[in-house]
Undergrad: 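To start, I am sharing the structure in question, which I have written as structure tokens.
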Amino acid sequence: MHDNFSKLNSEQKNAVTCTDGPVMIIAGPGSGKTRVITERIAYLIQLGIPAQNILALTFTNKAAKEMKSRIHRITENANAFSIWMGTFHSIFSKILRKEAHRIKYTQYFTIYDNDDSVKIIRRIIKDLNLDKDIYNAKSVFARISFMKNNLIDSQKYNNENELIKQDLINKREEFKTIYEKYCNECHKSNAMDFDDLLIKTHELFKQNKNILEHYQSIFKYILIDEYQDTNKAQDTIIKQIGRQHQNVCIVGDDSQSIYSFRGANINNMLNFKMFYTNVKEFKLEQNYRSTKNIVNAANSLIAKNKNKIEKTIFTENKNGTKIKILKYINDREEGDQISDIISKNIVKNNTKPSKYAVLYRTNSQSKVIEDGLRKRGINYKIFGGLSFYQRKEIKDVMAYLKLIVNNNDNESLIRIINYPTRGIGPTTLDRIRKISEQEGQSIWKTLNSPLIEDINVQKKTRSRLTDFVHMMNQLLQLTDNNVFEIIEELIALTEIIHKLKEDPTDENINRVNNIGELVNSMKMFSERKNNNTLLDFINEVSLDETKDNEKTSEDYVSLMTIHQSKGLEFPHVYIVGLETGLFPSQKSIQEPKLVEEERRLFYVAITRAINEVVISHATNRFRFGTITQSEKSFFIDEINPLFIEELTYNRGTDFLHNKKQEWKKRKTPPQLKNRNLRKITTGMSHIMNLNINQKIIHNIFGEGTIKKIDNSNGNQKITVLFVKNGEKVLLTKFAKFKIIS
DNA sequence: GAACAACCTCTTTTT
DNA sequence: GAGGTTGTTC
Ligand SMILES: Nc1ncnc2c1ncn2[C@@H]1O[C@H](COP(=O)(O)OP(=O)(O)OP(=O)(O)O)[C@@H](O)[C@H]1O
């Protein structure tokens with residue numbers, strides 16, 4: 001009855017057609033999990049299930065986009081487009097806008113990004129006169145975020161003895177106060193951070209039975225991709241909705257769990273069977289994506305992880321070529337040469353740029369690749385990173401726009417009250433904030449009221465304040481105009497561009513251009529038929545959902561972090577920067593658990609490839625304004641040497657025309673095998689002469705006392721209680737520390 | 001009190 | 001390489 005079924009194997013078919021009741025698919029990369037989800041959606045619609053009753057969730061916007069286009073490919077049914085599909089955050093934000101009044105927000109609430117959140121927390125810490133080194137704003141925020149994602153609010157925190165103990169050890173007695181103040185500040189500003197989008201949804205459903213029932217009756221069929229990366233908040237909301245109809249289909253792979261830093265927990269997936277009744281479980285073992293060599297290499301890598309569900313992953317695809325390991329003298333050379341190889345292969349094999357992807361651990365690595373590709377005139381697109389909308393000048397303009405929609409947004413007001421500079425400095429601002437705090441109202445309310453007369457400032461400053469209020473009031477009138485008119489008026493009234501042009505440094509010219517681009521995109525936005533209000537615009541920007549300019553060509557080399565590449569596939573994959581300290585990250589190296597997660601990340605990277613994987617590393621890298629030396633990542637040596645070949649590059653020769661001579665095989669695989677095995681064993685038997693209660697000083701965690709020493713399997717682990725950072729498990733092989741007693 | 005320049009600090013990964 | 005913080009000048 002359905003053409004595409006011919007393209008499914010029998011297990012996949014079963015998973016697709018088993019539409020009633022809870023279904024769980026745990027399977028390896030490239031085994032068709034996403035395909036099963038998309039086919040299932042098409043199948044449900046074909047069965048006559050109204051599209052509005054289907055909820056399909058993903059973690060990233062890119063995954064959502066990918067799934068939409070896959071559905072587009074397999075069904076002509078126009079209905080398919082009215083399913084609820086998107087990231088958790090975007091779907092929940094829609095629900096929250098609609099129901100905001102029930103949880104004491106208005107539908108115009110602002111969404112704060114991480115920078116906004118950290119700034120607010122920094123301000124709170126300063127207001128409380130706390131030590132900014134002990135209360136590092138970023139780590140306090142990370143901790144708040146972690147708790148929110150685990151549904152621990154500031155009240156529940158009181159019962160979390162373990163967490164309280166950690167904070168005491170870290171000398172952060174006031175953590176709870178900050179947490180409370182932060183939540184208050186957001187609420188008073190009618191603003192939610194990313195995590196609030198989850199926990200407020202949870203709260204909404206918990207407190208309003210009828211609302212929950214309403215959404216249960218809408219979302220009769222729920223499908224979620226990459227379930228291994230759900231956190232507690234997300235898992236709980238799905239349970240709230242899903243328990244009614246039990247038609248929940250989850251798909252995931254524990255070996256691809258790479259988001260534990262934002263609270264993801266694979267136990268959510270593993271416990272699925274306990275919450276729902278009669279869970280049907282499907283296993284997909286055949287990889288349809290990659291060559292045998294790639295599958296084998298990936299298998300040999302992930303075998304090094306102790307923590308995993310055993311799975312067999314095999315493929316019937318052709319053998320393919322070995323993974324190439326390339327070594328360069330520095331990062332510039334790496335970027336340049338990788339670009340060169342891609343550029344030449346595009347010509348040589350007559351392939352499209354879109355068949356190539358360059359993947360990396362950190363966003364900052366994109367720079368050198370970008371330069372190389374641009375130099376050669378190759379189309380490329382960088383995903384993520386410091387996006388356009390995170391640039392200072394754009395955030396400044398956006399802050400005005402957010403204020404127009406939600407004038408209680410303190411954070412945005414503080415951002416722009418003196419931008420462009422208009423003589424309202426920190427002291428004045430502090431006074432206004434104090435009064436607002438006393439009155440229990442937003443800063444704007446204070447400014448826009450007779451209270452402005454009570455602020456203890458000089459005449460001059462007061463008139464600056466009233467000028468500002470006057471200007472803002474003019475802007476606020478524009479709320480319902482079209483977004484293009486708003487931005488034009490905003491630029492005219494604030495003189496932002498005018499002031500930047502007065503001092504035409506390169507940087508400022510760039511800023512003017514960027515603002516120009518923002519104006520352009522708002523112009524395009526304003527020409528939409530619907531969903532074209534300022535609130536819509538801000539919402540899309542905040543959730544990073546901005547539709548790409550249709551104008552840009554589709555044919556480009558993709559540059560992205562491995563995190564973003566999850567769920568995607570490319571014929572040719574280049575993984576750059578495989579250096580210990582970068583990948584795995586310096587911050588992970590010390591804790592075995594984190595190393596395992598990084599290893600999974602590498603696993604994800606390799607398994608994105610259809611035909612070819614090329615891995616590179618550089619001996620010198622420009623980081624932190626200085627050149628740092630780095631060694632080849634030990635992850636490379638964990639791949640069975642049978643599946644890789646290491647090559648070293650001779651500068652100044654031409655790769656394309658005379659491959660054999662340019663790329664000299666540095667080691668033949670058998671030699672390599674022995675060499676590496678020896679290396680790993682010597683590396684492992686790294687046992688230092690240490691004693692319990694010895695004091696050490698660590699390069700990152702500072703002073704601490706050794707509490708436990710574990711010499712089993714030659715890989716010495718020590719448990720250290722740090723004065724400032726609490727207890728950590730370190731591998732002495734990697735940890736940088738000195739013994740001080 | 002505000003503005004600007006000079007220093008310091010920190011960069012994992014995402015919504 | 002961009003934020004915040006500190007120091008100096010107006
Ligand atoms: N039965 C099949 N026959 C042929 N090709 C298939 C089959 N099932 C899936 N594929 C193809 O295999 C590739 C991988 O599928 P898909 O992306 O759904 O896998 P996945 O399990 O979601 O992978 P990952 O977990 O790595 O994201 C896709 O190109 C898909 O079209």
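Sequence lines set the chain letters: A, B, ... in the order given, protein chains first and strands last, and positions in each chain run from 1. Just so it is clear, the model here is predicted, and its values are computed rather than measured.
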Undergrad: What's A/Phe59 touching, base or sugar-phosphate or nothing? Going by heavy atoms closer than 4.0 Å.
TA: sugar-phosphate
Undergrad: Phosphate oxygens OP1/OP2 of B/dT14: is one of them under 4.0 Å from a side-chain N or O of A/Asn363?
TA: yes
Undergrad: Checking A/Asp115 now: which residues fulfil salt bridge (charged side-chain N to carboxylate O under 4.0 Å, His left out) with it, not counting sequence neighbours?
TA: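 Testing A/Asp115 for salt bridge (charged side-chain N to carboxylate O under 4.0 Å, His left out), a comparison that skips the adjacent residues, returns none.
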Undergrad: Measure across A/Val613 and A/Ile606 and return the closest heavy-atom pair with its distance rounded to 0.1 Å.
TA: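 Of all heavy-atom pairs spanning A/Val613 and A/Ile606, the closest is CG2-O, 3.9 Å.
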Undergrad: For A/Phe583, answer base if it contacts any base atom (sugar-phosphate contacts may also be present), sugar-phosphate if it contacts only those atoms, and nothing otherwise; contact means non-hydrogen atoms under 4.0 Å.
TA: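 Answer is nothing: A/Phe583 stays at 4.0 Å or more from every strand.
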Undergrad: With a non-hydrogen cut-off below 4.0 angstrom, is A/Asp193 in contact with a base, only sugar-phosphate, or nothing?
TA: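 No contact at all - A/Asp193 keeps every heavy atom at 4.0 Å or more from the nucleic acid.
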Undergrad: State whether the distance check finds a donor on one side and an acceptor on the other, under 3.5 Å, for side chain A/Asn114 versus base B/dT15.
TA: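 Checked by distance alone, the answer is yes.
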Undergrad: Using a cut-off of 4.0 Å between protein heavy atoms and nucleotide atoms, how would you tag nucleotides 4-10 of chain C 5' to 3' with B, S and -?
TA: SS-----
Undergrad: To the nearest Å, how far apart are A/Met192 CE and B/dT15 P?
TA: 19 Å
Undergrad: The side chain of A/Gln564 is closest to which nucleotide in this list: B/dT13, B/dT15, B/dT14?
TA: B/dT14
Undergrad: Under 4.0 Å between any heavy atoms, over every strand shown, what does A/Thr561 touch: base, sugar-phosphate, or nothing? Just pick one.
TA: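 Sugar-phosphate, backbone atoms only, no base.
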Undergrad: To the nearest angstrom, how far is A/Lys62 atom NZ from B/dT15 atom P?
TA: 8 Å
Undergrad: If the condition is side chain to side chain contact (heavy atoms under 4.5 Å, CB included), which residues does A/Asn150 pass it with, not counting sequence neighbours?
TA: A/Phe146, A/Ile152, A/Lys232
Undergrad: Using whole Å, report how far CG of A/Leu543 lies from C1' of B/dT14.
TA: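 Value for this atom pair: 12 Å.
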Undergrad: Provide, to the nearest angstrom, the distance between the CG atom belonging to A/Asp115 and the C1' atom belonging to C/dG3.
TA: 9 Å
Undergrad: Return yes when atom CZ of A/Phe141 has more than 12 non-hydrogen atoms of other residues, nucleotides or ligands closer than 6.0 Å, and no otherwise.
TA: yes
Undergrad: For A/Asp396 and C/dA2, give me the distance from atom CG to atom P, rounded to whole Å.
TA: 14 Å
Undergrad: Distance check needed: B/dT13 C1' versus A/Phe141 CZ, whole Å only.
TA: 14 Å
Undergrad: Determine whether a donor-acceptor pair (N or O, by modelled atom type, separation under 3.5 Å) exists between the side chain of A/Ser521 and the backbone of A/Leu518.
TA: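 Confirmed, A/Ser521 side chain pairs with A/Leu518 backbone.
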Undergrad: To the nearest Å, give me how far apart CZ (A/Phe602) and P (B/dT13) are.
TA: 18 Å
Undergrad: Does the side chain of A/Asp113 come under 3.5 Å of the side chain of A/Tyr389 through a donor N or O and an acceptor N or O?
TA: no
Undergrad: Report the residues that fulfil side chain to side chain contact (heavy atoms under 4.5 Å, CB included) with A/Thr505, sequence neighbours left out, ordered by chain and then residue number.
TA: A/Asp503, A/Glu507, A/Asn508
Undergrad: Below 3.5 Å between N/O atoms, which protein atoms pair up with nucleotides 2-7 of chain B? Just atom names and distances, please.
TA:
| unit_1 | atom_1 | unit_2 | atom_2 | d |
| --- | --- | --- | --- | --- |
| B/dA2 | OP1 | A/Gly425 | N | 2.9 |
| B/dA2 | OP1 | A/Thr428 | OG1 | 2.4 |
| B/dA2 | OP2 | A/Thr427 | N | 3.2 |
| B/dA2 | OP2 | A/Thr427 | OG1 | 3.2 |
| B/dA3 | OP1 | A/Gly423 | N | 2.8 |
| B/dA3 | OP2 | A/Asn418 | ND2 | 2.9 |

Undergrad: Considering residues at least two apart in sequence or located in another chain, which fulfil the side chain to side chain contact (heavy atoms under 4.5 Å, CB included) criterion with A/Glu569?
TA: A/Arg289, A/Ile610
Undergrad: Taking any heavy-atom pair under 4.0 Å as a contact, classify A/Glu598: base, sugar-phosphate, or nothing.
TA: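 Base: the residue A/Glu598, judged by heavy atoms under 4.0 Å, touches a nucleobase.
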Undergrad: Looking only at the aromatic ring of each residue, does the gap between the centers of A/His563 and A/Tyr259 stay below 6.0 angstrom?
TA: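 Close enough - the centres of the two rings lie under 6.0 Å apart.
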Undergrad: Are A/Phe194 and the base of B/dT14 stacked, counting only ring centres nearer than 5.5 Å and planes tilted under 30°?
TA: no
Undergrad: A/Phe261 has an atom CZ; how far is it from atom C1' of B/dT14, in whole Å?
TA: 5 Å
Undergrad: Flag the pair A/Asp193 / A/Lys148 as yes when at least one side-chain heavy-atom distance between them is below 4.5 Å, and no otherwise.
TA: yes
